[in-house]
Amino acid sequence: MNIQDSALVIRPMGKEDVDAVVEINKECFTSDAWSKSAFEREFSLNYSYKYVLELNGSVIGYFIVWIVYDTANLMNFAVKKEHWGKGYGKKLLTYLIESFKDKVSAIHLDVRKSNMRAIRLYKSLGFKIISERPKYYSDGESAYQMVLELSTTSDSLKG
């Protein structure tokens with residue numbers, strides 16, 4: 001499924017997108033950036049769903065989510081810094097939520113405690129902090145574990 005908004009396109013990530021995604025990842029994540037081989041490995045995992053956000057034909061953002069049982073785990077998500085604050089991250093996450101809301105009961109993610117910009121974005125979409133993971137990142141920083149509970153179709157039928 002693709003979503004289009006004039007020059008904006010969200011589509012499944014292809015192997016041809018890996019170099020652009022690696023560059024965005026390096027720009028946004030210093031100590032815990034994924035390697036090119038880590039991104040390439042995602043294509044061999046049947047529970048990994050990968051999408052890119054294109055603006056005028058150039059990849060400017062992406063997300064990778066793992067679906068395990070009835071839970072989505074947001075493993076990696078970033079938007080090029082030059083496009084921060086323009087609503088692209090929110091658009092990409094909204095697409096994620098809409099795409100998987102009938103398939104999973106919750107979306108989980110980890111975020112650096114110091115990443116207030118991301119935390120505000122996640123909270124604006126309904127994510128809640130449920131716990132802290134001390135010294136989670138390689139540089140010793142702690143993470144917040146956040147979750148967005150989704151109402152499944154069967155839940156809404158119960159009334």
Side-chain angles (χ1 to χ4, degrees), residues 1-3 5 7-13 17-42 45 47-56 58-68 70-101 103-151:
M1 174 184 350
N2 291 352
I3 191 166
D5 175 13
L8 206 59
V9 177
I10 298 174
R11 63 169 175 77
M13 182 188 300
D17 299 312
V18 169
D19 287 338
V21 167
V22 167
E23 286 307 308
I24 295 168
N25 186 258
K26 278 188 209 167
E27 177 188 47
C28 295
F29 302 101
T30 52
S31 65
D32 290 285
W34 283 20
S35 65
K36 183 175 181 177
S37 62
F39 282 104
E40 289 170 338
R41 184 186 72 133
E42 291 298 311
L45 305 175
Y47 49 83
S48 176
Y49 296 82
K50 303 154 290 298
Y51 287 83
V52 293
L53 174 66
E54 282 185 346
L55 178 63
N56 297 319
S58 294
V59 174
I60 65 162
Y62 68 91
F63 72 78
I64 295 175
V65 66
W66 288 3
I67 306 297
V68 181
D70 72 337
T71 302
N73 297 285
L74 184 59
M75 303 304 295
N76 207 318
F77 160 70
V79 172
K80 274 182 135 174
K81 284 186 177 180
E82 68 187 81
H83 296 289
W84 285 6
K86 299 178 182 175
Y88 295 132
K90 191 167 196 167
K91 200 171 279 271
L92 199 48
L93 289 174
T94 300
Y95 179 84
L96 161 67
I97 293 164
E98 290 299 313
S99 297
F100 292 97
K101 69 180 181 186
K103 299 172 181 70
V104 300
S105 62
I107 301 171
H108 288 257
L109 63 88
D110 294 302
V111 61
R112 286 180 176 272
K113 279 182 68 173
S114 65
N115 193 345
M116 294 312 298
R117 174 186 287 273
I119 292 167
R120 279 193 302 273
L121 172 61
Y122 298 137
K123 283 183 172 182
S124 76
L125 292 165
F127 284 84
K128 292 180 176 27
I129 296 171
I130 58 168
S131 67
E132 184 176 329
R133 296 180 190 248
K135 299 181 182 175
Y136 182 75
Y137 294 100
S138 63
D139 61 2
E141 185 173 354
S142 297
Y144 285 131
Q145 185 178 23
M146 299 184 77
V147 66
L148 174 65
E149 298 288 345
L150 301 169
S151 60

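Every value quoted in this text rests on a predicted model; they were computed, and no experiment measured them.
- Smallest separation of non-hydrogen atoms from Ala7 and Asn56: CB-OD1, 2.7 Å.
- Under the side-chain hydrogen bond (donor to acceptor under 3.5 Å, both in side chains) criterion, Ser142 pairs with no residue at all, not counting sequence neighbours.
- Arg133 pairs by the side-chain hydrogen bond (donor to acceptor under 3.5 Å, both in side chains) definition with Asp110, not counting sequence neighbours.
- Closest approach of Leu92 and Gly61 over heavy atoms only: CD2-C, 4.0 Å.
- In this structure, OH in Tyr144 is found 5.5 Å from CD in Glu132, a value given to the nearest 0.5 Å.
- Here Ile97 pairs with Ile107, Leu125, Phe127, Leu148, Leu150 under the side chain to side chain contact (heavy atoms under 4.5 Å, CB included) rule; sequence neighbours left out.
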Assess whether side chain to side chain contact (heavy atoms under 4.5 Å, CB included) is satisfied between Leu53 and Ile10, documenting all intermediate values. CA-CA 5 Å; Leu53 174 66; Ile10 298 174; 3.5 Å; yes

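- Note: Ile119 CD1 to Ser114 OG = 7.5 Å, rounded to the nearest 0.5 Å.
- The side-chain hydrogen bond (donor to acceptor under 3.5 Å, both in side chains) check on Lys26 picks up nothing, with sequence neighbours excluded.
- Taking the side chain as every heavy atom from C-beta outward, Phe63 and Leu93 never approach each other to under 4.5 Å.
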For residues 74-82, run the donor-acceptor check on the side chains, cut-off 3.5 Å, and write out each pair with its distance to 0.1 Å, sequence neighbours left out.
unit_1 : atom_1 : unit_2 : atom_2 : d
Asn76  : OD1    : Asn25  : ND2    : 3.2
Asn76  : OD1    : Tyr62  : OH     : 2.7
Lys81  : NZ     : Glu27  : O      : 3.4

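- Shown here are the side chain to side chain contact (heavy atoms under 4.5 Å, CB included) partners of Ser131, two or more places apart in sequence or in another chain: Gln145.
- Counted within 6.0 Å of NZ on Lys86, heavy atoms from surrounding residues, nucleotides or ligands total more than 12; the atom is thus considered enclosed.
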Hey, mind stepping through Thr94 and Lys90 against side chain to side chain contact (heavy atoms under 4.5 Å, CB included) and telling me if it holds? CA-CA 6 Å; Thr94 300; Lys90 191 167 196 167; 4.1 Å; yes

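- Listed here is the closest heavy atom pair of Ala72 and Val65: CB-CG2, 3.6 Å.
- Applying the side chain to side chain contact (heavy atoms under 4.5 Å, CB included) rule to Ala118 yields the partners Val111, Asn115, Tyr122; only residues at least two apart in sequence or on another chain are considered.
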Working for side chain to side chain contact (heavy atoms under 4.5 Å, CB included), residues Tyr51 and Leu96: CA-CA 9 Å; Tyr51 287 83; Leu96 161 67; over 6 Å; no

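- Listed by chain and number, the residues in a ring-ring contact (aromatic ring centres under 6.0 Å, His included) with Tyr88 are His83 (sequence neighbours excluded).
- Applying the salt bridge (charged side-chain N to carboxylate O under 4.0 Å, His left out) test to pairs two or more places apart or on separate chains, those with a residue in residues 135-151 are Arg112-Asp139, Arg112-Glu141.
- Residues Gly89 and Leu121 share a closest heavy-atom pair of C-CD2, 4.2 Å.
- Across Val147 and Ala106, no two heavy atoms sit closer than the pair CG2-CB, 3.9 Å.
- Within the model, atoms CD1 of Ile130 and NE2 of His108 stand 5.5 Å from one another, a figure rounded to the nearest 0.5 Å.
- Taking Tyr47 as the reference, Trp66 meet the ring-ring contact (aromatic ring centres under 6.0 Å, His included) condition, with sequence neighbours excluded.
- A distance-only check finds a donor-acceptor pair linking the side chain of Ser105 to the backbone of Asp70 [under 3.5 Å].
- Lys103 pairs by the side-chain hydrogen bond (donor to acceptor under 3.5 Å, both in side chains) definition with nothing, not counting sequence neighbours.
- In this structure, the ring-ring contact (aromatic ring centres under 6.0 Å, His included) partners of Phe100, at least two apart in sequence or on a different chain, are Tyr49.
- The side-chain heavy atoms of Glu40 and Val22, taken from C-beta on, include no pair separated by under 4.5 Å.
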